[in-house]
Number of protein chains: 2
Amino acid sequence: MEKAEMRAKRFDCSYGCPVEATLDVIGGKWKSVILFHLIGGTKRFGELRRMLPGVTQRMLTLQLRELEEHGVVHREVYRQIPPKVEYSLTDYGWTLESILRQMRDWGEEFVRQHQEEKISA
Amino acid sequence: MEKAEMRAKRFDCSYGCPVEATLDVIGGKWKSVILFHLIGGTKRFGELRRMLPGVTQRMLTLQLRELEEHGVVHREVYRQIPPKVEYSLTDYGWTLESILRQMRDWGEEFVRQHQEEKISA
DNA sequence: CGGGATCCTCGGCGATACTG
DNA sequence: CAGTATCGCCGAGGATCCCG
């Protein structure tokens, strides 16, 4: 499938519910974590890689490309040897900040709840 | 893998970031949409099925089971012929309401943006 | 350093059939 | 009506190699 077709399909309002649209942007395997780390400021490719234990180079690249296509992440390439590429949130990406912070807060509480459950068990 | 093992693994704080924990609860293929519809009130299995065009019986069952295991959805079985099963948000599930509503709002805006993009293109 | 290109595996998910 | 069981596909994602 061509990239243009993918975009057409993806943006074709084929979402049954707007919640799905949001999930399509932040719901990838590493996307929400990448976005959350970018709230802390611009990051180089290698920095992000070190911040996500277990991510492969390929997956990090793919996820960043999709975030870029969705308009929430900006990719700045410095043409030099060795290469340097910086990633940051776009203005539109910053509109996700509130949701991402709430997701972190809820997740912390969720983990805490289940730790207690394990202790009492 | 035994269910107990899955739970152990899932709740083992193996999330690199709390955001992932939240995504594990609401990030399934149909989970966030199910949860969002349950904000509107208790629903029967068949009702949910009709509200999610394209979902298979199997997937709806699996997703509901996981939501139940995560403690955000309550399953009420009425022992009668024909069977009747109702699903609703637990108190803990209601703590997701704000996030879900924001996700819907952001998703609506996202779809709107890309519709404009298509028109201007 | 930050990628592409290729090959291959594994499990998520659909399709179908059966049941209390 | 609301599930469970079984089979089979295919695409997400890992491993590896090469490049500017």
Side-chain angles (χ1 to χ4, degrees), chain A residues 1-3 5-7 9-10 14 16 20 23-34 37-38 42-70 73-88, chain B residues 1-3 5-7 9-10 14 16 20 23-34 37-38 42-70 73-88:
Chain A
M1 191 190 277
E2 294 292 328
K3 184 177 287 185
E5 290 179 72
M6 285 184 58
R7 286 173 58 91
K9 185 171 187 179
R10 184 171 290 158
S14 58
E20 295 181 62
L23 212 62
D24 195 29
V25 177
I26 69 172
K29 192 174 185 186
W30 305 95
K31 289 183 187 177
S32 59
V33 194
I34 293 171
H37 282 307
L38 289 183
T42 298
K43 298 279 181 297
R44 291 188 60 170
F45 184 85
E47 286 183 276
L48 283 173
R49 195 176 179 185
R50 266 172 268 120
M51 297 176 94
L52 307 182
V55 75
T56 62
Q57 199 174 31
R58 168 191 160 81
M59 276 311 295
L60 183 52
T61 300
L62 287 176
Q63 298 278 292
L64 284 167
R65 286 295 181 284
E66 292 188 19
L67 291 170
E68 200 187 346
E69 281 186 37
H70 280 143
V73 161
H74 173 68
R75 180 169 182 258
E76 185 72 33
V77 182
Y78 297 84
R79 304 221 155 273
Q80 59 185 47
I81 304 295
K84 173 180 170 184
V85 181
E86 285 184 343
Y87 294 91
S88 58
Chain B
M1 192 189 279
E2 293 293 325
K3 184 176 289 184
E5 290 179 71
M6 285 185 56
R7 286 173 58 90
K9 186 170 187 178
R10 184 170 290 159
S14 60
E20 294 181 62
L23 213 63
D24 194 30
V25 176
I26 70 172
K29 191 173 185 186
W30 304 94
K31 289 182 186 178
S32 60
V33 194
I34 293 171
H37 282 307
L38 289 182
T42 298
K43 297 279 181 296
R44 293 188 57 171
F45 184 85
E47 287 183 277
L48 283 173
R49 195 176 179 185
R50 266 172 269 120
M51 296 176 94
L52 309 182
V55 75
T56 61
Q57 199 174 31
R58 168 192 160 81
M59 277 310 295
L60 183 52
T61 301
L62 287 176
Q63 299 278 291
L64 283 166
R65 287 294 182 283
E66 293 188 19
L67 290 170
E68 201 188 346
E69 281 186 39
H70 280 142
V73 161
H74 172 69
R75 180 170 180 254
E76 184 73 31
V77 181
Y78 297 84
R79 303 220 155 273
Q80 59 185 48
I81 305 293
K84 172 179 168 183
V85 181
E86 286 184 341
Y87 294 91
S88 57

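Every chain is numbered from 1 and lettered A, B, ... according to where its sequence line falls, protein lines coming before strand lines.
For the pair A:K84 and B:T56, nearest-nucleotide mapping onto DNA chain C gives the more 5' position to A:K84. In terms of position on DNA chain D, the residue among B:P83 and A:M59 whose nearest nucleotide sits closer to the 5' end is B:P83.
Counting only heavy atoms from C-beta outward, the side chains of B:L48 and B:L38 approach each other to under 4.5 Å. Side-chain atoms of B:L60 and B:I34, non-hydrogen and from C-beta on, do get closer than 4.5 Å to each other. A heavy-atom distance below 4.5 Å is not found between the side chains of A:R44 and A:V85. Counting heavy atoms from C-beta on, the side chains of A:F45 and A:L64 come closer than 4.5 Å.
Comment: B:E86 does not engage B:K43 in a salt bridge, judged by the lack of any side-chain N to carboxylate O separation of less than 4.0 angstrom.
Counting any heavy atom pair closer than 4.0 Å across all strands shown, A:R44 reaches sugar-phosphate atoms only and no base atom. Within 4.0 Å (heavy atoms only), A:R79 reaches no atom of the nucleic acid at all. A:R65 comes within 4.0 angstrom of sugar-phosphate atoms only, judged by non-hydrogen atoms across all strands, and of no base. Here A:Y78 lies out of heavy-atom contact (under 4.0 Å) with every strand.
From the 5' end on, the contacts that DNA chain C makes with chain A at under 4.0 Å to a non-hydrogen atom open and close at C:dC1 to C:dT6.
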Practice prompt. Could you go through the side-chain contact (heavy atoms from CB on, under 4.5 Å) check for B:V33 and B:K31 one step at a time?
Written response: CA-CA 5 Å; B:V33 194; B:K31 289 182 186 178; over 6 Å; no
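The nearest whole Å value for the distance from the CG atom in B:L62 to the C1' atom in D:dT4 is 10 Å. B:L48 places its CG atom 14 Å from the C1' atom of D:dG3, with the value rounded to the nearest Å. Taking atom CG of residue B:L64 and atom P of nucleotide D:dC1, one finds them 17 Å apart after rounding to whole Å. In this structure, the CD atom of B:Q80 is 12 Å from the P atom of D:dC1, given to the nearest Å. B:Q63 has its CD atom 17 Å from the C1' atom of D:dA2, to the nearest Å. For the pair B:Q57 CD and D:dT6 P, the interatomic distance rounds to 17 Å; values are reported in whole Å. B:E76 has its CD atom 14 Å from the P atom of D:dA2, to the nearest Å. D:dA12 atom P lies 18 Å from atom CG of A:L60, rounded to whole Å.
Residue A:R58 places its side chain closer to D:dG14 than to any other of D:dT6, D:dA2, D:dG14.
B:H74 and B:E76 are linked by a side-chain donor-acceptor pair at a separation below 3.5 angstrom, with hydrogens and angles left out of the test.
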